[in-house]
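Residue numbers start at 1 and run along the sequence shown.
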Amino acid sequence: MAETKVKATPKASNSTKKSSTPKASSTGKAAPETVQQPDPVLPPANGEAQAATDAPKATPTTNPEFPKETYLRWYEQMQLMRKFEEKAGQLYGQQKIKGFCHLYIGQEACVAGAVSALTKDDKWITAYRDHAHPLALGTSPNAIMAELYAKATGCSKGKGGSMHIFDKDVNFIGGHGIVGAQVPMGAGIAFAEKFNKTGNLCICYMGDGAVRQGALHEAFNMAMLWKLPVIFVVENNGYAMGTSVQRTSNVTELYTLGESYDMPSEPVNAMNVEDVHHAVARAAERARAGEGPTFLEFKTYRYKGHSMSDPAKYRTKEELEDYRSRDAIESVRHTILTNNMATEEDLAAIDEKIKAQVLESVEFAENSPFPTADELYKDVYVQQDYPYIHD
């Protein structure tokens, strides 16, 4: 059945606006004609950022669409991501964590809403801003913190560090440091799922800078040609490293890039975890029905710089505070309390539990050993007796 595609909309402004979304998916279920969403606040060409003063603030959902267990799970997952990364940032400042460290703070709904919409057998792959995804999927905070410390007990045995978190047990196929390289890999994972007739899919995340890589366009073409079960997600936080999307791309409504390949594509307010869940669920339904990939533009925002070495001087304090006022965690918290799903004391207990988890992960990392020298020769080749390894 033919897919109704999203039509191009005017370029992003610095205010909240309505953008078109597909009127119907291939399943025949109607989707909203418009979605009220915050666009990433984009500075004009002169680099002077403007704050979006009329954007929606963190407000509760008055008529919750999901049971309280889902909202409580979202709250706990997003709080774990937030508190773990706040501690990681602190430890980086203390030089406990070295190398590069890219934090996800502010973007937690991009992951939490997708986890609830997919199954435990689906595969995940992303770029190097990769701590939050495995945390939400169930990887032990101990193993991730130990990896940040480059310890042998880390999930990549201390050899990957912050940018290369992997956990096969939860089907997290890793964070990848080469911009856009994970996009054709995500298509390849989806090809394997289709070839093996598993009924599973791959969700492939990328940053907004990656959409200008040629590999993305090659992967999009192949994914559509072969109808691969993959959900491509661009986390558009407004800046490719420290340069705004407006200054680096002629196309600022990034989801429209999928239209070149007749790929079902839509923008998503990714500061709202419910919207993320719905968009991913629609895309997953199409993928499992054999109808191929979807391209989702998650409009989101990171509160920290591109990496810990980035002072983020390319944006104003007003812009940052505006987005903090739309915080996804606070919105879920308000929804829980407003609808009597839990009490302040219940949420405080969750917060204390997470604080203990994070402190335990730090203690675990501190007390773990570094890898030994012979680890250099391990995990390089699958074949254990590979003949070209020499002492």
Side-chain angles (χ1 to χ4, degrees), residues 73-92 97 100-118 120 122-148 154-156 160-167 169-177 182 186 203-208 210 231 233-237 268 270-273 276-277 280 296 298-308 323-324 327-332 350-351 354-355 357-358 361-362 365:
R73 183 166 65 251
W74 281 337
Y75 179 79
E76 184 169 342
Q77 285 178 334
M78 291 194 289
Q79 277 287 58
L80 178 58
M81 298 177 218
R82 177 75 55 90
K83 299 306 178 184
F84 181 93
E85 291 216 306
E86 286 177 349
K87 176 57 71 172
Q90 180 185 26
L91 294 166
Y92 190 92
I97 297 171
F100 293 101
C101 186
H102 305 81
L103 301 182
Y104 204 70
I105 295 173
Q107 298 184 204
E108 293 87 356
C110 297
V111 170
V115 170
S116 59
L118 299 178
K120 65 180 181 61
D122 292 324
K123 308 302 188 292
W124 292 61
I125 191 169
T126 190
Y128 44 79
R129 199 179 301 277
D130 62 346
H131 311 150
H133 305 72
L135 282 172
L137 290 169
T139 301
S140 167
N142 291 5
I144 299 176
M145 187 64 78
E147 189 60 38
L148 300 186
C155 51
S156 298
S162 170
M163 299 170 70
H164 303 287
I165 305 295
F166 281 77
D167 190 353
D169 290 341
V170 298
N171 288 316
F172 183 64
I173 318 300
H176 297 265
Q182 76 279 14
I203 184 167
C204 176
Y205 286 77
M206 68 199 80
D208 44 87
I231 304 171
V233 174
V234 55
E235 296 172 308
N236 182 6
N237 57 37
V268 181
M271 301 299 280
N272 182 293
V273 69
V276 171
H277 176 100
V280 173
L296 301 176
F298 282 3
K299 291 178 177 284
T300 184
Y301 199 81
R302 54 174 163 80
Y303 300 162
K304 301 295 184 179
H306 171 71
S307 71
M308 285 298 297
Y323 269 84
R324 284 186 180 276
D327 188 75
I329 300 177
E330 285 304 307
S331 291
V332 169
I350 292 174
D351 294 343
I354 289 168
K355 180 181 178 180
Q357 282 181 289
V358 173
S361 74
V362 175

Note to self: Run the side chain to side chain contact (heavy atoms under 4.5 Å, CB included) test on N236 and T300 for me, step by step, so that the C-alpha distance in whole Å, both residues' side-chain angles and the decisive distance to 0.1 Å come before the verdict.
What the structure shows: CA-CA 6 Å; N236 182 6; T300 184; 5.8 Å; no
Without swapping roles, check the side chain of [X] against the backbone of [Y] for a donor-acceptor pair under 3.5 Å.
X    : Y    : result
N171 : K120 : yes
E147 : I165 : no
Q182 : Y205 : yes
D208 : N237 : yes

Once rounded to the nearest 0.5 Å, what's the spacing between atom [atom1] of [X] and atom [atom2] of [Y]?
X    : Y    : atom1 : atom2 : value
S156 : M163 : OG    : CE    : 12.5 Å
E85  : R129 : CD    : CZ    : 8.5 Å
K304 : C101 : NZ    : SG    : 11.0 Å
E76  : M81  : CD    : CE    : 10.5 Å
K355 : L80  : NZ    : CG    : 15.0 Å

Does some side-chain heavy atom of [Y] sit less than 4.5 Å from a side-chain heavy atom of [X]?
X    : Y    : value
L135 : P141 : yes
F172 : H133 : yes
V234 : F298 : no
I105 : R302 : no
K123 : I203 : no
I144 : P134 : yes
R324 : Y301 : no

Note to self: According to salt bridge (charged side-chain N to carboxylate O under 4.0 Å, His left out), who are the partners of K83, at least two apart in sequence or on a separate chain?
What the structure shows: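 Expected list: E86.
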Item checked: salt bridge (charged side-chain N to carboxylate O under 4.0 Å, His left out) against R82, all qualifying residues, sequence neighbours excluded ->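 R82: salt bridge (charged side-chain N to carboxylate O under 4.0 Å, His left out) contacts with E108, D327.
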Compare every heavy atom of [Y] with every heavy atom of [X], then report the nearest pair and how far apart it is.
X    : Y    : result
I125 : G186 : CG2-CA, 3.9 Å
D130 : G175 : OD2-CA, 3.3 Å
Y303 : M271 : OH-CE, 4.0 Å
V280 : A114 : CG2-CB, 4.0 Å
W124 : V111 : CH2-O, 4.1 Å
A109 : A270 : CB-O, 3.4 Å

Notebook entry, point to check: Quick one: side chain to side chain donor-acceptor pair (under 3.5 Å) partners of E235, sequence neighbours excluded?
Noted result: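 In terms of side chain to side chain donor-acceptor pair (under 3.5 Å), with neighbours along the sequence ignored, E235 is linked to Y104.
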With sequence neighbours left out, write down each residue that passes side-chain contact (heavy atoms from CB on, under 4.5 Å) with [X], or none if nothing qualifies.
X    : answer
H164 : F166
D122 : L118, T119, N200, L201, R288
D169 : D167

Notebook entry, point to check: Can you check side chain to side chain contact (heavy atoms under 4.5 Å, CB included) on I329 and Q79, steps first, answer last?
Noted result: CA-CA 7 Å; I329 300 177; Q79 277 287 58; 3.9 Å; yes
Margin query: With no hydrogens and no angle check, just 3.5 Å: does a side-chain donor-acceptor pair link H131 and S162?
Written below: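 A pair is found: one side chain offers a donor N or O, the other an acceptor, under 3.5 Å apart.
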Item checked: Verdict with reasoning, F84 to L148, per side chain to side chain contact (heavy atoms under 4.5 Å, CB included) -> CA-CA 11 Å; F84 181 93; L148 300 186; 4.0 Å; yes
Next item on the list: Go through M78 and V332 one step at a time and tell me if the side chain to side chain contact (heavy atoms under 4.5 Å, CB included) criterion holds.
Entry: CA-CA 10 Å; M78 291 194 289; V332 169; 3.6 Å; yes
